[in-house]
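Working notes, beginning with the structure itself.
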Protein chains: 2
Amino acid sequence: MTSTRETITLQADTLFYENGFEATSFGDIAKAVGISRGNFYHHFKSKDAILDAVIELRLARTQTMLDNWSAEADPQERILSFVRILITNQSKIMAFGCPVGTLSSELAKLEHAAHPRAVEVFDLFKTWLVTQFTALGHGDKAKDHALHVLGRSQGVAVMAAAYQDPDFVQAEVDALEAWLNTLTPHN
Amino acid sequence: MTSTRETITLQADTLFYENGFEATSFGDIAKAVGISRGNFYHHFKSKDAILDAVIELRLARTQTMLDNWSAEADPQERILSFVRILITNQSKIMAFGCPVGTLSSELAKLEHAAHPRAVEVFDLFKTWLVTQFTALGHGDKAKDHALHVLGRSQGVAVMAAAYQDPDFVQAEVDALEAWLNTLTPHN
DNA sequence: GACAAATTAGGACAACCGTCCTAATTTTCA
DNA sequence: TGAAAATTAGGACGGTTGTCCTAATTTGTC
């Protein structure tokens, strides 16, 4: 029993990811949802309001995903769960890049008011990663390591979308795993 | 004595970078150049034609930059020249990301015909980096190392545009330099 | 100085954009 | 069952988009 508002948000989320925010029109979303264009304003008063809802959806989804990964006993294994979304979502990432990174980049160029809110998805990952690195005993280096892992993942996503090369993605995931092992020798 | 066509290309290059390709209109370019909108089609028959010219401009600029770096005697130092564009162009990158990466990402989402051509800028960097790593004696690992450096740089650019944190950029550049030293110990 | 070519400005064009309004329909519930 | 509320379709709106046309102006050349 998903409400029309939810359906709009879900479809907009997909379209914003696959085609970009600017390139997605009201008509595109209306067609995907199967409602008339004019009816829209009963659910959202503007396109920006839809963007806000999409960002909140992504924030909630991300938090749920992070909570699930926290079930893992070993913090190192938790971090690997994060790194491996590059493999899990490989085909989508090779086609459209990372949803977080590409939206952040687009909203930055548009100087869109929702940019800081979109970056909060990064914050969720960052905070969670800091927690894991702290648990591994990396103290004041935890934040640096968290941003490092985030950045490496973003770089892989950009190059994956440029070249569509699964071997590169796998090699970089392996390299990140090796780097993690360098940080924390498993005795 | 720059021709109108050159001026259009230069202004479009800046606007595409700072605002995005899709978000930049003919009117925006016309205003920046200082000519009427209708006059445009005497120089470019379509917006895509302007994009092609911009990409070719970037290809030429990139090649020139790589040639200049090749003057450096030590291949390791050449690679560092590449890494340090993150510092040189820091403020622009924090505002708009990497021009190569963001255009590639946008054109991928638009399924634009010019996407492969835009990726050729990456190819220039890649080929050049492969040459440097080969000169350092990394043989069959040269290509992997080249893509690794490219990816790391892209990741830094994405995160820089998200957080506008110069310290993060500097830390990542240092980390990349340290990684390079790990690869090739300087005795 | 005359004439052809290159370049220009300005506006027309159809299509689409985000937004908004209205009137009809469906749903809810006392 | 009937009235109130929620939801819907369809279209109008002003503005902007990329594209194209025409007529005027500038430029270059003999």
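Each chain gets a letter, A, B and so on, in the order its sequence line appears, and its residues count up from 1.
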Problem set entry | Contacting residues from residues 41-55 of chain B, given that a heavy atom lies under 4.0 angstrom of DNA chain C |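 Per residue number, the list reads B/His42, B/His43.
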
For this session: Within residues 29-39 of chain A, find the residues that approach DNA chain C with a heavy atom at under 4.0 Å, and present them sorted by residue number.
Result: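 Within residues 29-39 of chain A, the residues near DNA chain C are A/Gly38.
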
For this session: Tell me, please, which residues at least two apart from B/Pro166 pass side chain to side chain contact (heavy atoms under 4.5 Å, CB included).
Result: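 B/Pro166 satisfies side chain to side chain contact (heavy atoms under 4.5 Å, CB included) with B/Gln90, B/Met94 only.
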
For this session: Kindly give the cluster partners of B/Leu10, where membership spreads through any ILVMFWY side chain lying under 4.5 Å from a current member.
Result: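 B/Leu10 shares its hydrophobic cluster with B/Leu57.
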
Exercise. What side-chain hydrogen bond (donor to acceptor under 3.5 Å, both in side chains) pairs are there with at least one residue in residues 97-114 of chain A, not counting sequence neighbours?
Worked result: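 Sorted pair list: A/Asp48-A/His112, A/Thr102-B/Lys109, A/Ser104-A/His115, A/Lys109-B/Thr102.
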
For this session: Just report the end-to-end axis angle for the helix from C/dG1-D/dC30 to C/dA30-D/dT1, five pairs per end, to 10 degrees.
Result: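 The end axes of the helix from C/dG1-D/dC30 to C/dA30-D/dT1 are about 10° apart, to the nearest 10°.
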
For this session: Hey, could you give me each pair passing salt bridge (Lys or Arg N to Asp or Glu O under 4.0 Å) that has a residue in residues 58-69 of chain B? Not counting sequence neighbours.
Result: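 Passing the test, one end in residues 58-69 of chain B: B/Asp13-B/Arg58, B/Asp13-B/Arg61.
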
Only counting residues at least two apart or in another chain, list the ones meeting salt bridge (Lys or Arg N to Asp or Glu O under 4.0 Å) with [X].
X: B/Lys126; result: B/Asp123
X: B/Asp28; result: none
X: B/Glu18; result: B/Lys92
X: B/Glu77; result: B/Arg84

Exercise. Heavy-atom contacts under 4.0 Å between residues 17-27 of chain A and DNA chain D, which residues?
Worked result: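 The stretch gives none, as no residue of it lies under 4.0 Å from the strand.
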
